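Step one of this worksheet: look at the structure below.
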Amino acid sequence: MRDWLSQQRQALQLVLARMWKARLATLMMCGVMGVTLCLPGILYVIVDNLNRLAGDVQNEPKISLFLKLDTTPETLKELEKRLSANPAVKSYRFVSKDSAWQELRQNAGLGDVTGGLEQNPLPDAYFVQSKEAEPAAVDGLLRQMQQWPGVEHALVDANWVKRLYALLALGNKAILVLSGLLGFALLAIIGNTIRLQILTQREEIEVSKLIGATDRFIRRPFLYAGALYGLGGGLTAWLMLASVIWLFNLSVAELAELYASSFRLGMPDMPAALAIIGGAVGLGWLGAYWAVNRSLSQLEIT
Amino acid sequence: MTCARLTPQNLPRLSFHEILMIRFDQVGKRYPGSNEALRDISFEIEQGELVFVTGHSGAGKSTLLKLIAAIERPTSGTVLIGNQNVSKLRPAAVPYLRRKFGMVFQDHKLLYDRNAFDNVALPLYINGISGNEAGKRIRAALDKVGLLGKEKAMPISLSGGEQQRLAIARAVVSRPSILIADEPTGNLDANYAAEIIRLFYAFHQVGVTVIIATHDAGDISAQEGRKLKLAQGELQMQSELQT
């Protein structure tokens, strides 16, 4: 165990020394990886913030329950009870047919129309706010209420919410595809860099093998190099992302003020940041592993 | 090793090298697309022997050494190191067998991008030894070959003889039981060559098996030690086993 640890430390020291010697190349490598990782990151920030924005706007989807014209006070009481007991309901408001009639008549321009009517055509109604903004949840609540006694018709204007959510789902898919493609590109970039390093250290590898180094010993520093490139690339990507968001926020704040909103682009949360960095480290390690194995078999050192 | 006190248990390990006998039994080696490099070679080398492998260039000396060090595998016959059959060794076990040998290569195979100290350090790092213990052993090895003052020197700044001695330091730093040298005096003048040979004698005297390949038969005929003479891939002559 102590041997193992000291071997890991040794490999790490060796790699760090090599990277320090080739500072510029290492920085360039981290930069390339950072930019590559940054692209899906920016897309993620956009989709994530749209999601938040959508949540803000459509926090309270309103369901209108129009009751039957012959609703009795007992049914009203029953409905009241059900609404207050339902956990998916955030709040509700009762509008009697009379108050609705009053409101309608007071509206300028409509007086003529209502004046022609002999009696109140409006039903009693409940306006219910759902807790969940998800179209599926709202739909479920709607269908449930439709079944309640005394309810003639339940309505929700959720079409644009559905469209927005479909768009966001599309955005998420785009992130996934882009991440996959760029991840592959990263794998190739790292693999190639490590392969070049192996070629320059060919002599050392050869001698090491001749005097009894295992493949694992030879592979170790390169795996560390790959993982370190990944770490550097991931951190660079996060820094770039943070600067991009900061830069955008200057304009976003201005725009949001025009709409009397205090909306700002949010930074990617901790799990997202860790996913970017962790993913980069993993890709680096994998790319290096792949490159070393290919090179070792190509060098044909027994 | 941190235990400074000698006990009956660790005494033998510290004073003697692992007992490793080398045995070739009707060994043949053919490289793809060429004639047989070695044919029907049989011999034994006891632990602690000093053996010269002689013959003209192309006689198969290097191949013989590579077979001993498990760098090549025989195409026929068996090579036994200790009681391990080299041809039947799993590839994963080969590195561990090679660590029992100290190799001095014909072309040194020094790494020119690092200094003398780091060159000698390589076998220790491979064996997982680092830190103070490694430093002590590296300086001891450099001291033994007379390069203690040059641990910071780059190999390119060393003379031919010094490079050769550096290669020897690297070969002995991990305290192998068998020391193998391919043409160690190859392109050195007589003074340097004698010095190098004396070094090998010194290792032989502390119980290390020393196997040296040389084309320079005239130079060593007077020397003590057993001679294996190769000609065109065959063992032509084998002097008596000395005890």
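In the text below, chain A, chain B and the rest are named by the order of the sequence lines, each starting its count at 1. As the structure is a computational prediction, the values presented were derived from the model and not from experiment. Only this structure's heavy atoms are used, side chains among them; waters, hydrogens and symmetry mates stay out.
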A/L210 and B/M103: side-chain contact (heavy atoms from CB on, under 4.5 Å), yes or no, with the steps?
CA-CA 8 Å; A/L210 285 176; B/M103 289 287 290; over 6 Å; no
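- Contacts of B/R170 with chain A are made by side-chain atoms alone, with heavy-atom separations under 4.5 Å and no backbone atom involved.
- Of the listed residues (B/S130, B/P91, B/A171, B/G102), the greatest number of heavy-atom pairs within a distance under 4.5 Å of chain A belongs to B/S130.
- Each of A/Q201, A/E204, A/R216 has some count of heavy-atom pairs under 4.5 Å with chain B, and the biggest count is that of A/E204.
- Across all non-hydrogen atoms, the minimal contact from A/G212 to B/R98 is CA-CB, 3.7 Å.
- Around the CE atom of A/M28, the shell of radius 6.0 Å holds no more than 12 heavy atoms that belong to other residues, nucleotides or ligands.
- More than 12 heavy atoms of other residues, nucleotides or ligands sit less than 6.0 Å from atom CG of B/D107.
- Atoms NZ and CG, from A/K21 and B/D113 in turn, are 6.5 Å apart once rounded to the nearest 0.5 Å.
- Taking CD1 of A/I211 as the start and NZ of B/K109 as the end, the distance is 11.5 Å to the nearest 0.5 Å.
- Using non-hydrogen atoms only and a strict 4.5 Å limit, the part of residues 116-128 of chain B facing chain A consists of B/L122, B/P123, B/Y125, B/I126, B/N127, B/G128.
- Only the backbone of B/I129 comes within less than 4.5 Å of a heavy atom in chain A; its side chain stays farther off.
- Counted within 6.0 Å of CG on A/L24, heavy atoms from surrounding residues, nucleotides or ligands total 12 or fewer; the atom is thus considered open.
- The closest side-chain heavy-atom distance from A/T214 to B/R99 is below 4.5 Å.
- Within a 6.0 Å radius of CG in B/N83, no more than 12 heavy atoms belonging to other residues, nucleotides or ligands are found.
- Counting heavy atoms from C-beta on, the side chains of B/P95 and A/K209 never come closer than 4.5 Å.
- More than 12 heavy atoms of other residues, nucleotides or ligands lie within 6.0 Å of OH in B/Y112, so this atom counts as buried by the packing criterion.
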